[in-house]
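Each remark here refers to the structure printed beneath this line.
Not measured: the values here are computed from a predicted model.
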Amino acid sequence: MDRSGFVKLSLIAFGLVILSFFVRGFSQLALGRDVAELLQAPFAIVGFALLVYLFVRATLDATGVWTVKNPDPEQDA
């Protein structure tokens, strides 16, 4: 994985978490609380799991165990 892929995944993860709140809010207005929670859950779980993965990956990169590749090595000064 390179740095641009890491950034794309982080934006997707945050987007999924925010989308879960919108899904819950709008579906709670139309369908009720229980159905809204069921519709929200997949987005929230996938988004949170992706954020946890990215946190672990960034921590491993900071310690030097598993590096995130830089696509342009000239800027690595």
Side-chain angles (χ1 to χ4, degrees):
M1 175 187 308
D2 60 351
R3 291 187 191 270
S4 64
F6 189 87
V7 171
K8 287 177 189 175
L9 279 179
S10 65
L11 290 175
I12 289 171
F14 280 116
L16 283 172
V17 171
I18 291 171
L19 178 68
S20 73
F21 286 108
F22 281 108
V23 167
R24 181 176 179 164
F26 287 123
S27 61
Q28 189 171 354
L29 289 173
L31 303 172
R33 175 175 273 173
D34 294 334
V35 176
E37 289 175 357
L38 287 175
L39 292 175
Q40 173 208 11
F43 296 110
I45 290 171
V46 170
F48 182 72
L50 192 56
L51 286 172
V52 169
Y53 166 73
L54 290 170
F55 174 77
V56 169
R57 184 73 192 264
T59 303
L60 291 175
D61 180 52
T63 59
V65 175
W66 190 13
T67 60
V68 176
K69 296 177 184 165
N70 192 1
D72 191 14
E74 295 173 3
Q75 294 179 356
D76 201 21

- Over 12 foreign heavy atoms within 6.0 Å of OH, Tyr53: yes
Spacing of [atom1] belonging to [X] relative to [atom2] belonging to [Y], to within rounding of 0.5 Å:
| X | Y | atom1 | atom2 | answer |
| --- | --- | --- | --- | --- |
| Phe14 | Leu19 | CZ | CG | 14.5 Å |
| Arg3 | Lys69 | CZ | NZ | 12.5 Å |
| Leu39 | Ser20 | CG | OG | 11.5 Å |

Shared hydrophobic cluster for [X] and [Y] (ILVMFWY, side-chain gaps under 4.5 Å):
| X | Y | result |
| --- | --- | --- |
| Met1 | Trp66 | yes |
| Ile18 | Leu29 | yes |
| Leu11 | Phe43 | no |
| Leu51 | Val23 | no |

Taking all heavy atoms of [X] and all of [Y], pick out the closest pair and write down the distance.
| X | Y | result |
| --- | --- | --- |
| Ser10 | Val7 | OG-O, 2.7 Å |
| Val17 | Phe48 | CG2-N, 4.1 Å |
| Gly47 | Leu16 | CA-CB, 3.9 Å |
| Thr67 | Gly64 | CG2-O, 4.5 Å |

- Message: Here's a test for you: under side chain to side chain contact (heavy atoms under 4.5 Å, CB included), which of Val52, Leu9, Val68 qualifies with Arg57?
- Response: Val68
- Is there side-chain contact between Asp34 and Leu38, with heavy atoms separated by less than 4.5 Å? no
